[in-house]
Amino acid sequence: MAEYMQIHDLVAELVLPAHEPAYITSVFETARELVRHPYFRYEFTTVAVSISLFALERAFGKRLGSEKPLQKLMERAADEGIITSELADRLDAGRSLRNKLAHSDLTGIALTPVMAVSMVKAALDTAELRWL
């Protein structure tokens with residue numbers, strides 16, 4: 001039970017963006033809940049990061065009026081000062097992990113809950129920034 005409470009405390013850092021449309025917030029909420037339950041299936045953490053990036057890609061697309069791949073949207077957001085270079089680096093780590101899962105032998109057990117919270121938090125923080 002202590003492990004669940006530790007994860008629950010970590011997940012408390014994952015605050016949903018207040019101004020996103022419901023379809024984006026819903027995906028972020030699913031990511032947050034997946035991070036909360038790795039004891040059911042450890043790979044939930046990896047799925048959480050992946051879907052939080054899907055939501056972020058959609059949010060960036062709305063803000064920037066573009067349907068380019070996530071990496072291009074992140075670069076443009078950094079160039080335009082929407083996100084900091086530090087935040088862009090954190091997001092790129094999640095994007096890189098997502099790509100490795102899709103195109104290599106890396107499995108979903110490569111990501112700890114703490115790492116997942118950090119990556120999902122970066123996506124949530126970025127989504128909130130897009131309204132500034």
Side-chain angles (χ1 to χ4, degrees):
M1 191 60 139
E3 288 180 21
Y4 175 78
M5 289 310 297
Q6 290 168 342
I7 291 172
H8 185 74
D9 290 344
L10 277 173
V11 171
E13 297 176 26
L14 301 178
V15 179
L16 297 174
H19 305 291
E20 287 293 338
Y23 59 87
I24 292 174
T25 302
S26 175
V27 176
F28 278 129
E29 185 174 26
T30 299
R32 181 184 64 191
E33 294 310 309
L34 284 167
V35 172
R36 190 184 309 273
H37 299 291
Y39 51 85
F40 286 122
R41 181 79 182 181
Y42 199 78
E43 291 87 347
F44 282 0
T45 56
T46 309
V47 175
V49 170
S50 295
I51 67 168
S52 72
L53 292 174
F54 297 152
L56 181 61
E57 189 167 1
R58 186 96 185 254
F60 270 148
K62 278 184 65 84
R63 168 69 186 264
L64 299 171
S66 176
E67 293 186 19
K68 295 195 181 278
L70 180 59
Q71 182 175 5
K72 296 293 183 194
L73 294 169
M74 287 172 19
E75 289 169 0
R76 183 171 163 200
D79 290 346
E80 293 183 15
I82 297 170
I83 60 174
T84 64
S85 59
E86 185 268 331
L87 192 50
D89 289 345
R90 287 174 49 207
L91 293 169
D92 197 51
R95 185 198 59 77
S96 178
L97 175 71
R98 182 184 72 175
N99 289 350
K100 287 178 184 173
L101 286 166
H103 303 289
S104 75
D105 292 336
L106 187 67
T107 67
I109 62 171
L111 189 64
T112 68
V114 172
M115 293 167 63
V117 165
S118 176
M119 291 177 181
V120 171
K121 185 168 180 6
L124 288 164
D125 291 349
T126 302
E128 192 66 31
L129 284 175
R130 83 172 193 91
W131 292 100
L132 298 178

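Only this structure's heavy atoms are used, side chains among them; waters, hydrogens and symmetry mates stay out.
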Q: Applying side chain to side chain contact (heavy atoms under 4.5 Å, CB included), name anything that partners Thr25, two or more places apart in sequence or on another chain.
A: Leu16, Glu20
Q: Determine, step by step, whether Val27 and Ser52 satisfy the side-chain contact (heavy atoms from CB on, under 4.5 Å) criterion, reporting the C-alpha distance in whole Å, the side-chain angles of both residues, the deciding distance to 0.1 Å, and the verdict.
A: CA-CA 7 Å; Val27 176; Ser52 72; over 6 Å; no
Q | side-chain contact (heavy atoms from CB on, under 4.5 Å) assessment of Thr112 paired with Tyr42 | A | CA-CA 8 Å; Thr112 68; Tyr42 199 78; 3.7 Å; yes
Q: Quick one: list whatever passes ring pair (Phe, Tyr, Trp, His ring centres under 6.0 Å) with His8, sequence neighbours left out.
A: Tyr4
Q: Quick one: pull up CG in Leu70 and CD in Glu75 and give me the separation to the nearest 0.5 Å.
A: 9.5 Å
Q: Could you tell me whether Asp79 and Arg76 make a salt bridge, using a distance below 4.0 angstrom between a side-chain N and a carboxylate O?
A: no
Q | CZ-CG distance between Arg63 and Leu56, expressed to the nearest 0.5 angstrom | A | 12.0 Å
Q. Would you say Leu124 and Val114 are hydrophobically clustered, going by side-chain heavy atoms of ILVMFWY under 4.5 Å?
A. yes
Q: Before giving the answer on side-chain contact (heavy atoms from CB on, under 4.5 Å), spell out for Ser118 and Arg90 the whole-Å C-alpha distance, their side-chain angles and the decisive distance to 0.1 Å.
A: CA-CA 8 Å; Ser118 176; Arg90 287 174 49 207; 4.3 Å; yes
Q: Check Leu64 against Ala77 and note the closest heavy-atom contact, atom names and distance.
A: CD1-N, 4.3 Å
Q. Could you state the interatomic distance from CD1 (Ile24) to NZ (Lys62), rounded to the nearest 0.5 Å?
A. 6.0 Å
Q. Shortest non-hydrogen contact from Ala31 to Val120?
A. CB-CG1, 4.4 Å
(Q) Which heavy atom of Val49 sits nearest to which heavy atom of Gly94, and what is that distance? (A) CG1-CA, 4.1 Å
Q: Of all the heavy-atom pairs spanning Pro113 and Pro38, show the shortest one and how long it is.
A: CG-CG, 3.8 Å
Q: Inspect the surroundings of CD in Glu13 and state if more than 12 heavy atoms from other residues, nucleotides or ligands are less than 6.0 Å away.
A: yes
Q.
Once ring pair (Phe, Tyr, Trp, His ring centres under 6.0 Å) is applied, do any residues pair with Phe40, and if so which ones, sequence neighbours excluded?
A. His37
Q. Is it true that Arg98 and Glu57 have a side-chain N and a carboxylate O under 4.0 angstrom from each other?
A. yes
(Q) Which heavy atom of Thr45 sits nearest to which heavy atom of Ala116, and what is that distance? (A) CB-CB, 3.7 Å
Q) From Met119 CE over to Ser50 OG, what is the distance, rounded to the nearest 0.5 angstrom? A) 10.0 Å
(Q) Do Phe60 and Thr126 have side chains that approach each other closer than 4.5 Å (heavy atoms only, starting at C-beta)? (A) yes
Q) How many angstroms lie between CE in Met74 and CG in Leu91, if you round to the nearest 0.5 Å? A) 5.0 Å
(Q) Using every non-hydrogen atom in the two residues, find where Leu34 and Ala48 come nearest and quote the distance to one decimal. (A) CB-CB, 3.8 Å
Q. Between the side chain of Ser96 and the main-chain N/O of Asp92, is any donor-acceptor distance below 3.5 Å?
A. no
